[in-house]
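Values below: all heavy atoms of this structure, side chains included; hydrogens, waters and symmetry mates excluded. All of these numbers come straight from a predicted model, not from anything done at the bench.
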Amino acid sequence: MAAVLGNMWAPSTRVKYDNSVTLYLCRCESEGLPLDKRLPASEITLCTFAAHLAGTMAGSSIRSHLTGLKSPCLSYLLKEADNMTPGSSRCAPRPPVTLAMIRALHDSLNLSNSLDVCILVVATMAFWSQARLGELLSPLSRLFDSSCTPRLSDLSSPAMTAGTKVAGLQGEDIFICRQNGHADPIAALSCHITCNSLTVDLPLFSYDIGDGRHLALTRQKSTAFMHCCNEIWTQQGWPRLTGHCFCIGGTTELLVAGVPPDVVKVTGRWLSDVFLRYWRCWNKGWACDGAGCEVTWCVVMGPDTHTGVGTKDGCATAPAAR
């Protein structure tokens, strides 16, 4: 630990902080403060120390001494641990799914096939709604938990309620906005509901296997979502991707297309500005289609705007699974 702590600051900063600690400990010694009360220093002890220094030096110097005494060692240590991560343990940023890849899915899938049309609607929704696959898909094909897997009855206008990474079983609204061209999730959703004869109690992303039976689309097995997407993409020269690449790609596409970052943040349900890291595509030279992307979006005000299945101002909404 001493070696890591020694690398947390530049040498000049470390000397300055060492001097602050020495000055503080000398004061503690002269006051007869018990050893167990010296470090970590309590607020009252630091206030007493600051009061002792007042009038002997500049206020900025006193603040500098206090900074050296109360620096958050754990957070600095973790930061330095990140800096010391060996190259073999660093993973390259995952590339995004691009609009061209979504269009390739549309062109390669048979939209009269129940499984294929289900795959397309998940791809377009995960991309444009910046959704994680775990928020949309069931972990099991024959059994599903209605509390965390969205059903057709969770679809309203202009959003879908689903159990999400942050909100958990309480659910969040996932906004589904109409787009131009073959990557439109609204058109894909309408085709999917009709082709698969979905009823309100079925998982929203399930497909008809005949005789009135349905299977929920999953992520893992050979007939699952990512397997089918990667089969198409690798045949056309793209690398194999993971499910999170849809969220990365949709966020990147919206930002590059000029959608205001605060709108991207709200529609993607981001609680922090970490989504701005996905702007990296523009600088890394990955194949983004932002220059030709036509994005339409709507703003939904208040919790009572969900009026049923359909569209409103070019958007459909589906509730996150509760």
Side-chain angles (χ1 to χ4, degrees), residues 97 99 102-103 105-106 109 111 117-138 148-167 171-196 198 200 202-207 216-217 225 229 243 246-255 257 259 263-270 275 293-322:
V97 170
L99 187 53
I102 298 295
R103 290 169 177 157
L105 290 178
H106 175 277
L109 293 168
L111 300 188
V117 72
C118 188
I119 289 171
L120 180 64
V121 72
V122 172
T124 55
M125 283 186 57
F127 184 80
W128 290 116
S129 300
Q130 306 171 70
R132 294 90 181 157
L133 293 187
E135 297 170 350
L136 305 179
L137 302 180
S138 171
C148 60
T149 303
R151 297 163 295 175
L152 181 60
S153 58
D154 290 321
L155 195 65
S156 60
S157 177
M160 174 184 74
T161 301
T164 61
K165 181 178 179 181
V166 174
E172 285 184 299
D173 284 342
I174 295 177
F175 294 91
I176 313 163
C177 297
R178 184 175 296 281
Q179 309 298 329
N180 294 322
H182 293 164
D184 179 21
I186 303 295
L189 183 61
S190 176
C191 180
H192 164 62
I193 293 173
T194 302
C195 178
N196 282 298
L198 294 184
V200 293
L202 285 172
L204 180 58
F205 304 110
S206 57
Y207 57 97
L217 187 62
F225 176 71
C229 290
F246 280 92
C247 182
I248 296 172
T251 302
T252 300
E253 187 69 33
L254 292 170
L255 290 171
V259 176
V263 174
V264 176
K265 183 175 183 178
V266 170
T267 57
R269 296 156 287 115
W270 297 97
F275 73 98
C293 175
E294 297 180 77
V295 180
T296 59
W297 45 272
C298 69
V299 178
V300 181
M301 302 298 293
D304 298 321
T305 57
H306 302 157
T307 58
V309 177
T311 62
K312 179 180 180 181
D313 299 330
C315 300
T317 35
R322 300 184 185 278

Is the backbone of [Y] close enough, under 3.5 Å, to the side chain of [X] for a donor and an acceptor to pair up by distance?
X: Thr251; Y: Ile248; result: no
X: Gln130; Y: Trp128; result: no
X: Ser129; Y: Met125; result: yes
X: Thr267; Y: Val263; result: yes

With sequence neighbours excluded, what pairs up with Ala188 under the side-chain contact (heavy atoms from CB on, under 4.5 Å) test?
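Checked Ala188 against side-chain contact (heavy atoms from CB on, under 4.5 Å); matches are Leu120, Val121, Thr124.
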Kindly compute the distance separating [atom1] ([X]) from [atom2] ([Y]), expressed to the nearest 0.5 Å.
X: Phe127; Y: Gln179; atom1: CZ; atom2: CD; value: 8.5 Å
X: Arg269; Y: Cys247; atom1: CZ; atom2: SG; value: 7.5 Å
X: Ser206; Y: Leu137; atom1: OG; atom2: CG; value: 11.0 Å
X: Leu111; Y: Cys118; atom1: CG; atom2: SG; value: 12.0 Å
X: Asn196; Y: Tyr207; atom1: CG; atom2: OH; value: 9.5 Å

Hey, what's the ring geometry for His182 with His106, parallel, tilted or perpendicular (30° and 60° as the breaks)?
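Taking His106 first and then His182, their aromatic rings lie parallel (interplane angle under 30°).
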Are side-chain heavy atoms of Leu155 and Ile193 found at a separation under 4.5 Å?
yes
Compare all side-chain heavy atoms of Leu202 with those of Leu152 and state whether any distance is below 4.5 angstrom.
no
Contact list for residues 183-193, test salt bridge (charged side-chain N to carboxylate O under 4.0 Å, His left out), sequence neighbours left out
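Residue pairs with at least one partner in residues 183-193: Arg178-Asp184.
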